[in-house]
Structure formats: C-alpha cells, structure tokens
> 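Have a look at this one.
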Amino acid sequence: MQALELLLNRTSQPRLQAPAPSGEALNNILQAGLCAPDHKLLSPWRFIVCADEGLRKLGSIFEQAAIKKNSSPESIERAPALPMRAPMVIVAICNYTQDESVPRVEQIASTACAVQAMQMAAIAQGFQGIWRTGWYAQNHDVKVAMDCKQEDEILGFLYLGTTPLKAMPRKPRDTAKFVETWT
Ligand SMILES: Cc1cc2nc3c(=O)[nH]c(=O)nc-3n(C[C@H](O)[C@H](O)[C@H](O)COP(=O)(O)O)c2cc1C
C-alpha cells in the first residue's frame, strides 16, 4: 500500500477477528510506534501487548476497576469481555520523564503519534484496528494495575486484528473549514 493512499484513507475497524499480527508483522507495528516524533529522544512510552491470556488479564483489570467504581451490574458484567473484541490489544502508556525542555504534553503527544503509527503499520500489512479509551484509560486502579506512575497516562488501547469487511474509501474533507493560509 502506498504511503499517501494509507494516510488519505486510514479508517478504524471495530469488528476484528483472528489472526492478530505476529512475528515480523507485529515487530514492524511496534517499530513504527517507536519511530514516532520524540523531542530529545526521551522515548516517553511503554507498550503492553495483550493476546490470549493477556486479554483475559486486561479484562480482569477492567472488571476489578468497574467493581471498585460501583459501576452498574451491566457494566461490571461487560468489563471482562471488552478486550475480547479483538485478538490483540496494545496498551499505549505515556511513561513521563521529568525534563526541563520537554513538557508532559509533548510526551503525551509523542505517545499519541506512536498509537497512530502502529495503527497505520497494521493497516499497511493487511490488518485493521481501532484506538479506544473509555473511562478505563483514566481510571486510577487501571493505571496502578499497569504500573503507571501518577504523571503517566494511558493514551489508549489499540485493538488489532483482521476483518473480512472492506474499508470504505474516505471522502475528502473540506480543508477550508479547518485551515487558513498565511502568505
Ligand atoms: C484518544 C482517542 C480515544 C478514542 N476512544 C474511543 C473509544 O473509546 N471508543 C470508540 O469507539 N472510539 C474511540 N476513538 C475513536 C476511534 O479510534 C476512531 O478514530 C473513530 O471511530 C473514527 O473512525 P476513523 O478512525 O475511521 O475515522 C478514540 C480516538 C482517540 C484519538
């Protein structure tokens, strides 16, 4: 797939099934994430690749957080099944480092760039994915279960897998609505 075609047509896919990326394909995805723009090369990120038992562990973390939060019985029942919506979930964490010239927001931005890079590397290799968060990403108990420091952020859960559905080409958006040009 050509780079520009991918950039102009990237879409998310919530309906995902096996196979998940593995081997070289998975390594390419992770390497693409690690190539994200990164001020002072702090590498301000940490990724947890969940598959098989890892998805059950993630679901259990969600369930425990939902119980502790006094969520509705329906939400508690749903929680362990959430990661099962794909054969792989990559948790992307901003692993904040105190630095005088790289504020936290920039480290968060770098990690966000890594998530999109990983999604696009997946699509480029015939997989699909969707970046999800929900309240779990902000939840203290979920963050503790993932060994986050207080200043760290869970940027998202990148669900990855395969779909038989064909992605619709994107309609170009009206650039004039969002862009002004200074000459
Ligand atoms: C930080 C972030 C968090 C998101 N969280 C969710 C989410 O929890 N659930 C969801 O359905 N979509 C979520 N999305 C949106 C999807 O990833 C996706 O971008 C959106 O459905 C639009 O589809 P598209 O990527 O095909 O344009 C999130 C996107 C971002 C950037």
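Each ligand, and each atom within it, is numbered from 1 in the order the structure gives.
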> So if I apply the ring-ring contact (aromatic ring centres under 6.0 Å, His included) rule between F157 and each of F62, Y136, W131, which one comes out positive?
F62

> Taking distance alone, with N or O pairs closer than 3.5 Å, would you say R10 contacts ligand 1?
yes

> Please state which protein non-hydrogen atom is closest to atom 5 (N) of ligand 1 and give its distance, to 0.1 Å?
T133 OG1, 2.9 Å

> Heavy-atom distance from atom 13 (C) of ligand 1 to the protein below 4.0 Å?
yes

> For a 4.5 angstrom cut-off between non-hydrogen side-chain atoms, does L82 reach Y159?
yes

> Please check this pair: side chain of R104 against backbone of E151, looking for a donor-acceptor N/O pair closer than 3.5 Å.
yes

> So P14 and R132, do their side chains get closer than 4.5 Å, heavy atoms only?
yes

> If you compare all heavy atoms of K143 against all heavy atoms of K149, which two are closest, and at what distance to 0.1 Å?
CE-O, 4.5 Å

> What atoms of ligand 1 come within less than 4.0 Å of a heavy atom belonging to G134?
8 (O)

> One residue to check: R170. Relative to ligand 1, which of side chain, backbone, both or neither has a non-hydrogen atom less than 4.0 Å away?
side chain

> Return the option from W131, F157, Y159, Y136 holding the heavy atom at the smallest distance from atom 1 (C) of ligand 1.
W131

> I need the nearest protein heavy-atom contact for atom 11 (O) of ligand 1: residue, atom name and distance, please.
R132 NH1, 3.6 Å

> To the nearest 0.1 Å, how far is atom 22 (C) of ligand 1 from its closest protein heavy atom, and which atom is that?
S12 OG, 4.6 Å

> Less than 3.5 Å apart, any donor N or O on the side chain of N9 or T11 sitting next to an acceptor on the other?
no

> Can you tell me if G156 contacts ligand 1 (heavy atom of the residue under 4.0 Å from the ligand)?
no

> I want to check something: taking the side chain as every heavy atom from C-beta on, are N95 and W45 in contact at a cut-off of under 4.5 Å?
no

> Pick one of side chain, backbone, both or neither for how I130 approaches ligand 1, counting any non-hydrogen atom pair under 4.0 Å.
side chain

